[in-house]
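Before any comments, here is the structure.
Since the structure is predicted, the reported quantities are computational estimates derived from the model, not experimental observations. Chain identifiers are assigned alphabetically (A, B, ...) following the order of the sequence lines, protein sequences preceding nucleic acid strands; residue numbering begins at 1 within each chain.
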There are 2 protein chains.
Amino acid sequence: MATKLDKVKQEIKSRILDGTFQPNQKISSESELMKQFAVSRHTVRAAIGELVNKGWLYREQGAGTFCADRSMDSRLMSGSNQKNIAIITTFISEYIFPSIIRGAESYLSKHGYNVSLFSTNNDHSEEKRILEKILTEQFDGVIVEPTKSALSNPNISYYLNLERQQIPYIMINAYYDELEPVSITMNDEKGGYVQTEHLIQLGHTNIVGFFKTDDLQGVKRMKGFIKAHRKFGVPINPNGIVTYDSSGKAAKPVEALARLLSVEQSARPTAIVGYNDELAILMLDVFREKSISVPEDLSLVGFDDSYMGRLTEVKLTTIQHPQSKMGETAAKMIVDMIKEKNSQQRKSPEKVESVVFEPNLILRSSTASLQLKKHVTL
Amino acid sequence: MATKLDKVKQEIKSRILDGTFQPNQKISSESELMKQFAVSRHTVRAAIGELVNKGWLYREQGAGTFCADRSMDSRLMSGSNQKNIAIITTFISEYIFPSIIRGAESYLSKHGYNVSLFSTNNDHSEEKRILEKILTEQFDGVIVEPTKSALSNPNISYYLNLERQQIPYIMINAYYDELEPVSITMNDEKGGYVQTEHLIQLGHTNIVGFFKTDDLQGVKRMKGFIKAHRKFGVPINPNGIVTYDSSGKAAKPVEALARLLSVEQSARPTAIVGYNDELAILMLDVFREKSISVPEDLSLVGFDDSYMGRLTEVKLTTIQHPQSKMGETAAKMIVDMIKEKNSQQRKSPEKVESVVFEPNLILRSSTASLQLKKHVTL
DNA sequence: TCCGATTTGTTCGTATGTATG
DNA sequence: GCATACATACGAACAAATCGG
């Protein structure tokens, strides 16, 4: 015999199927259904509960019970309820990446997601391999740090395919300009500006900037470097900007630096803007070799506030990078985007929007005013 | 907030996952569960109901509620040719862990595996949560660094359940002794011996060892510390061994050190064996504050060869840790174990066996002979 | 085969908390 | 602030199936 519960369930389902309850429309309240079917609230709730579980209805406390829109989510349902997020970064175990990843991992695992890690080693073909893998398997969202973001990217079509398959993704640190994706970045131009401004305000006029220009960060920081010079009316040296890319990461800037330092004392730069702390530390090694004191002989500003810059003998003045905060923000946003996608138009109050972190200068001991410097060397 | 219903549900699920409720075995009756959890029958029934819906249990009227056998269906139905490996470590973004993880990630992704990361933050309840997740979802293998490996572990049953479900796992850095698992470790006892031997050979006799004793590494390194003293006939100071655990990681050893240094010059230790580089660096800070020079006034040996010990002003003498090599080895082994399982008896030529890395002393500038010390202070 | 204890199945009632409009 | 609606939880009663004796 059919139980009351079954009857109530069946009847509600009928009303959904025959259109009495339209998608996203509020259905009768529990107390009304109690009257209509002459059953207890418990029975009504149990019936509704099962239909909610099966995806026919959804409830909102204080508002009511609503008919779900089952028009398209059938394929979404069919898949496993495993929640997987992929994180793609250029590197995973170096520099500031562990912190970024930790921030994301911590938030995601707290919210029931699995985190899968991939690193491109800053190589487009690796990026391609990983994107293919992600498209093949089932991921609910992707957090990606673009590989060589300043260069034209051969894998754009894979990202477009993510969109086509309705897999949300967000980019961190930089983004591929063509895609205009949701992103979480530093204000790198401002950062480069702040680095340079700090040195100019300390009296430096012969400043050399080193920038890695195969990613967007470097290009933007360079732009800020130039802007600060313009703003303060300080002319930029010929040879005042050194650019390099990932392949020449170690060698080229060091060589360029050696060249710059080999000229007569008066023509030497008195300050250096580094693309990031990693580069700045590389330079500290060169200075140590050449017995150049920082900051007495030369000021140096890094970028990213890496732990590395705090452990060296000369603590680096640098620009703060949110690191784990960035990871956490990215995690929060991708979860929001997944939720939003799954609730689809039911109510989409706030669209997830890109976040830009503003740079803060962290003053440590690698910079000093030019006056002080002259004082010391007298 | 966790509702009672959630708690009951979670606990029943735990009992399934840790093997308390075996497949097709009758679980406790509703009335029993009511007593155990001190909740109403309603709540128990609701909890069981949901687990039935999700396929964890099935009910038979008059007979009881039974644990479902999920061994076959989930794996076969989705056909998943996805290859997933879980890596569980205490931390993921700190110290030597990024390097270990990179080694594993690099190998696994090259061999077509997805890598999911989990960190326990050295907390048993987190470890439990993660193991339940891994048992619930489909992983082909697990690389795990045990949490508080020297303490009796409340989650042993989950590891046994991994074995029951034929999911290979290996332990790195340490292992739970009861399980006798395949593991990849340092020879920590030897390591502690080598640390101490080095100092004794430099002429030190008043050596203090600091060891974190809630994990196996610490206990074994301490054993090596003692053994070296015996071997060379050097008596161990009273107060010559300081133990601490993760909760008192920052405070306790620093306080103990301060006490040790507050006595008269002649009674002070001349050398310190540190549990790891992290601790050693903490101590360097103390020495800096107290204007104690390393190694002139005091020698210090670390362990693990962390990058941190290379960036400080005094480069640490330390014991090499394979780091990324360990990760790679772990990855290789788990892949082998999965292959072996899948080929099952077809030919099982070599069983995968535990690996122990032998310690090497890395000589840097934080240790010096006692003679030299006297020389300098004269 | 029947009995009685046990166990799950169905249903109703009630109370209190919390979110919404 | 108030009514409405859903969320959580406890208690009670009776029905139906199972199982050992």
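Listed by residue number, A/A38, A/V39, A/S40, A/H42, A/T43 are the residues of residues 36-47 of chain A with a heavy-atom contact under 4.0 Å to DNA chain C. Sorted by residue number, the list of members of residues 20-27 of chain B with any non-hydrogen atom under 4.0 Å from DNA chain C is empty.
Here the P atom of nucleotide C/dG17 and the CG atom of B/L5 are 19 Å apart, to the nearest Å. Atom CZ in B/R59 sits about 18 Å away from atom P in D/dA16, given to the nearest Å. As a whole-Å value, the separation of B/K7 NZ from D/dC10 P is 10 Å. The distance from atom NZ of B/K4 to atom P of D/dA7 is 19 Å, rounded to the nearest whole Å. Distance NZ (A/K35) to P (D/dA5): 9 Å, rounded to an integer number of Å. What separates CD of A/E30 from C1' of D/dA7 is a distance of 9 Å, to the nearest Å. For the pair A/E50 CD and C/dT11 P, the interatomic distance rounds to 11 Å; values are reported in whole Å. The separation between A/F66 atom CZ and C/dG21 atom C1' is 11 Å, rounded to whole Å.
By the side-chain contact (heavy atoms from CB on, under 4.5 Å) test, B/D123 pairs with B/S125, B/E126, sequence neighbours left out. Scanning for side-chain contact (heavy atoms from CB on, under 4.5 Å) contacts around A/N161 gives A/L135, A/R164, A/Q165, with sequence neighbours left out. Residues passing the side-chain hydrogen bond (donor to acceptor under 3.5 Å, both in side chains) test with B/D177, sequence neighbours excluded: none. With sequence neighbours excluded, the residues forming a side-chain hydrogen bond (donor to acceptor under 3.5 Å, both in side chains) with A/D188 are A/R221, listed by chain and number. Residues passing the salt bridge (charged side-chain N to carboxylate O under 4.0 Å, His left out) test with B/K148, sequence neighbours excluded: none. Judged as a side-chain contact (heavy atoms from CB on, under 4.5 Å), and not counting sequence neighbours, the contacts of B/R59 are B/E30, B/R45, B/I48, B/V52, B/T65. Here A/K9 pairs with A/E50 under the side-chain hydrogen bond (donor to acceptor under 3.5 Å, both in side chains) rule; sequence neighbours left out. In this view, B/N121 and B/F91, B/S119 satisfy the side-chain contact (heavy atoms from CB on, under 4.5 Å) rule, not counting sequence neighbours.
Phosphate contact (OP1/OP2 of D/dA5, side-chain N/O of A/T65, threshold under 4.0 Å): absent.
Among the protein residues, B/I48 comes within range of no part of the nucleic acid, since none of its heavy atoms lies under 4.0 Å from any strand.
Counting only residues at least two apart or on different chains, the salt bridge (charged side-chain N to carboxylate O under 4.0 Å, His left out) pairs with a member in residues 12-28 of chain B are B/E11-B/R15.
A side-chain donor from one of B/S14 and B/E132 sits under 3.5 Å from a side-chain acceptor of the other.
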Kindly give the atom pairs (protein nitrogen or oxygen, nucleotide nitrogen or oxygen) under 3.5 Å for nucleotides 17-19 of chain D.
unit_1: D/dA17; atom_1: O4'; unit_2: B/Q61; atom_2: OE1; d: 3.4

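Using cut-offs of 30° and 60° on the angle between ring planes, the pair B/F66 and B/Y58 is parallel.
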